[in-house]
Amino acid sequence: MNFLIRLFGIYMLFYSGLLHSEQPPSHPLDAYQAACPLNNPQPVPLAECYIDVVDEWRDEVERVYDFVLERKLAQKRYQEAKLIKQAQTNFLAYRKLVATQWQNSCNGSAACQVQLPELELEAQRERYFQLEAYVDCINCFPSYK
């Protein structure tokens with residue numbers, strides 16, 4: 001029970017810090033994302049750029065997820081590892097559902113096609129920082145690329 005309280009406390013502290021901080025945490029992929037609208041003023045290339053960034057974020061989320069899971073298992077925190085696995089499974093199912101519903105509602109709109117990868121990008125970024133908060137030492141895993 002104590003580990004659940006601790007895990008919830010860490011989550012709430014981190015999440016409230018994200019919501020109320022003046023400047024969100026930065027990551028090297030943020031620069032890649034910021035360059036998309038500057039380099040691609042048209043909707044289709046902009047959407048393609050965002051999709052590329054989403055793919056990078058997915059890889060980064062998977063890398064951090066694997067690291068967090070390995071770390072928890074090495075620390076013999078099996079229950080925490082199980083909860084993290086379940087949270088990841090729920091996150092992936094939710095993202096798939098949201099993407100499917102969004103695509104069904106787009107009806108070929110170019111603006112809508114740009115918004116979907118942008119929303120996916122923000123969701124992946126958020127999940128990355130959530131996973132990072134599960135680790136006892138923030139930024140203790142190897143840096144991006």
Side-chain angles (χ1 to χ4, degrees), residues 1-41 43-106 111-145:
M1 183 68 173
N2 285 342
F3 74 91
L4 286 176
I5 293 170
R6 182 173 173 240
L7 187 63
F8 181 75
I10 290 170
Y11 177 78
M12 290 308 296
L13 282 173
F14 176 77
Y15 208 75
S16 66
L18 273 182
L19 292 176
H20 301 293
S21 66
E22 290 185 25
Q23 183 119 25
S26 64
H27 188 277
L29 285 173
D30 292 339
Y32 187 17
Q33 175 186 353
C36 282
L38 300 174
N39 298 333
N40 304 291
V44 173
L46 179 59
E48 290 171 355
C49 182
Y50 280 147
I51 289 169
D52 291 342
V53 178
V54 167
D55 290 341
E56 292 289 327
W57 270 112
R58 282 184 184 143
D59 292 345
E60 187 67 351
V61 166
E62 190 63 33
R63 183 178 73 88
V64 174
Y65 169 72
D66 290 341
F67 177 84
V68 168
L69 218 50
E70 287 173 15
R71 186 169 176 90
K72 293 300 178 185
L73 292 173
Q75 295 171 340
K76 298 187 185 330
R77 294 182 177 176
Y78 303 115
Q79 191 64 28
E80 287 181 42
K82 183 179 176 183
L83 291 172
I84 291 168
K85 276 185 185 180
Q86 186 60 48
Q88 185 71 2
T89 302
N90 292 344
F91 169 76
L92 294 174
Y94 173 73
R95 292 309 309 152
K96 184 176 181 180
L97 177 67
V98 168
T100 302
Q101 288 179 339
W102 188 272
Q103 286 173 336
N104 291 341
S105 68
C106 272
C112 188
Q113 294 299 326
V114 171
Q115 288 175 337
L116 177 62
E118 190 173 16
L119 291 172
E120 176 69 15
L121 191 149
E122 289 304 316
Q124 292 294 336
R125 186 179 187 280
E126 234 178 76
R127 183 64 183 149
Y128 167 85
F129 286 109
Q130 288 170 357
L131 285 167
E132 188 181 66
Y134 286 130
V135 184
D136 292 337
C137 56
I138 301 299
N139 292 324
C140 64
F141 47 86
S143 63
Y144 174 74
K145 291 195 178 188

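These numbers come from the heavy atoms of this one structure, side chains and all, not from hydrogens, waters or symmetry mates.
Distance check: Phe91 CZ to Gln124 CD gives 4.0 Å after rounding to the nearest 0.5 Å. For the atom pair OG1 of Thr89 and CD1 of Ile84, the computed distance is 12.0 Å after rounding to the nearest 0.5 Å. The CG atom of Asp52 sits 11.5 Å away from atom CG of Leu29, with the distance rounded to the nearest 0.5 Å. Annotation: the span from Glu70 atom CD to Lys72 atom NZ amounts to 13.5 Å, rounded to 0.5 Å. Here the straight-line distance linking atom CG of Leu97 with atom CG of Leu92 works out to 12.5 Å at 0.5 Å rounding. Rounded to the nearest 0.5 Å, atoms CG (Asn90) and NZ (Lys85) are 14.0 Å apart.
Taking the side chain as every heavy atom from C-beta outward, Asn39 and Cys49 never approach each other to under 4.5 Å. At a threshold of 4.5 Å between non-hydrogen side-chain atoms, the residues Glu62 and Asp59 do not count as touching. By the 4.5 Å heavy-atom criterion applied to side chains, Gln130 and Tyr128 are not counted as neighbours.
Residues Val64 and Leu131 come closest through the heavy atom pair CG1-CB, 3.8 Å. When all heavy atoms of Ala81 and Leu69 are compared, the pair lying nearest together is O-CD1, 3.5 Å. Taking both residues in full, the closest heavy atoms of Gln88 and Tyr65 are given as CB-CE1, 3.4 Å, listed atom of the first, atom of the second, then distance.
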- request: Show your reasoning for whether side chain to side chain contact (heavy atoms under 4.5 Å, CB included) applies to Tyr78 and Lys76.
  value: CA-CA 5 Å; Tyr78 303 115; Lys76 298 187 185 330; 3.6 Å; yes
message: Set out, in order, the CA-CA distance, both residues' side-chain angles and the distance that settles side chain to side chain contact (heavy atoms under 4.5 Å, CB included) for Arg58 and Glu120, then state yes or no.
response: CA-CA 10 Å; Arg58 282 184 184 143; Glu120 176 69 15; 3.2 Å; yes
task: Let me see the working for Arg71 and Val68 under side chain to side chain contact (heavy atoms under 4.5 Å, CB included), right down to the final yes or no.
output: CA-CA 5 Å; Arg71 186 169 176 90; Val68 168; 5.7 Å; no
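Relative ring orientation between Trp57 and His27 is described as tilted, the plane-to-plane angle lying within the 30° to 60° band.
Remark: Arg63 engages Glu60 in a salt bridge, criterion side-chain N to carboxylate O under 4.0 Å.
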